[in-house]
Amino acid sequence: MSDLLDRLRRRGWRMTAQRRVVAEVLDGEHVHLTADEVLARAAARLPEISRATVYNTLGELVSLGEVTEVATDGRAKRYDPNAHRPHQHLICSTCGTIRDVHPTGDPLAALPASERFGFTVSEVEMTYRGLCPDCGQA
């Protein structure tokens, strides 16, 4: 069973065939699919699944905190099932490929107290950008 499916079962989330297929499509380490990509892959497994069901299921998963929406430079939102594993993203500036990365060190330490403006910082989001190997060869 996938990590996402296991987490959803522990929460007691009602597992219809459609919801199960969406969760299965999202399973994986470096998965960052758009809603349309989720729909296409889900429809390949369950042809009767509708666009509305996929979009509603993604919205529910985000609301539950089981999937994170990743927005990058005006491109379509992508859905990341690794919401419970702290990580940052490495994004190709050309094709939009996204990889999960786990930098070392304390990112909070990089923000001096003088730049916190009295905020109590609770989390940091960093995005690394560059060219993936395929786009770098072009």
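Predicted model, so just to flag it, every value in this text is computed and none were measured.
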What heavy-atom pair brings Pro86 and His102 nearest, and what distance separates the two atoms?
O-CD2, 3.3 Å
When every non-hydrogen atom of His89 is compared with those of Val70, the smallest separation belongs to CE1-CG2, 3.7 Å
Where do Pro81 and Leu4 come nearest, in terms of heavy atoms and distance?
CB-CD2, 4.3 Å
When rounded to the nearest 0.5 Å, the distance separating CZ of Arg99 from SG of Cys132 is 8.5 Å
Heavy-atom closest pair (Pro107 atom, Gly105 atom, distance to 0.1 Å) is CD-O, 3.3 Å
Within 6.0 Å of CD in Glu125, more than 12 heavy atoms from elsewhere
no
To the nearest 0.5 Å, tell me how far Glu60 CD sits from Arg14 CZ.
8.5 Å
Show your reasoning for whether side chain to side chain contact (heavy atoms under 4.5 Å, CB included) applies to Ile98 and Leu90.
CA-CA 6 Å; Ile98 302 174; Leu90 175 62; over 6 Å; no
Arg41/Glu37 ion pair, N-O < 4.0 Å:
no
Distance-only, no hydrogens or angles: does the Arg116 side chain make a donor-acceptor pair with backbone N or O of Leu111 under 3.5 Å?
yes
So, the side chain of Thr57 versus the backbone of Thr53: is there a donor-acceptor pair under 3.5 Å, distance only?
yes
What are the two closest non-hydrogen atoms of His84 and Gly65, and how far apart are they?
NE2-O, 3.5 Å
Linked, directly or transitively: Ile49 and Leu8 (ILVMFWY side chains, under 4.5 Å)
yes
Residue pair Ala83 / Val67: nearest heavy atoms and the distance that separates them
CB-N, 4.0 Å
In Thr68, Asn82, Asp80, the residue satisfying side-chain hydrogen bond (donor to acceptor under 3.5 Å, both in side chains) with His87 is Asp80
Keeping Arg11 on the side-chain end and Leu64 on the backbone end, is there a donor-acceptor pair under 3.5 Å?
yes
Show your working on side chain to side chain contact (heavy atoms under 4.5 Å, CB included) between Tyr128 and Gln88 and close with a plain yes or no.
CA-CA 8 Å; Tyr128 299 88; Gln88 305 304 326; 4.2 Å; yes
Give a yes or no on whether the backbone of Glu69 and the side-chain of Arg78 come within a donor-acceptor separation of less than 3.5 Å.
no
Could you tell me whether Arg85 and Asp3 make a salt bridge, using a distance below 4.0 angstrom between a side-chain N and a carboxylate O?
yes
Does the side chain of Trp13 pick up a donor-acceptor pair with the side chain of Glu66 at under 3.5 Å?
no
With the 4.5 Å side-chain cut-off for hydrophobic clustering, are Ile91 and Val124 part of the same group?
no
Stepwise side chain to side chain contact (heavy atoms under 4.5 Å, CB included) check, Val38 with Leu26:
CA-CA 7 Å; Val38 173; Leu26 287 170; 3.9 Å; yes
Where the side chain of Gln137 meets the backbone of Asp134, is there a donor-acceptor pair that is under 3.5 Å apart?
no
When rounded to the nearest 0.5 angstrom, what distance separates CG in Leu58 from OH in Tyr79?
5.5 Å
Any side-chain heavy atom of Gln18 within less than 4.5 Å of one from Val54?
no
Find the distance between CD (Glu24) and CG (Leu46) and round it off to the nearest 0.5 Å.
10.0 Å
Report the C-alpha distance between Met15 and Leu5 in whole Å, list the side-chain angles of each, state the deciding distance to 0.1 Å, and finish with yes or no for side chain to side chain contact (heavy atoms under 4.5 Å, CB included).
CA-CA 9 Å; Met15 194 64 66; Leu5 280 172; 3.7 Å; yes
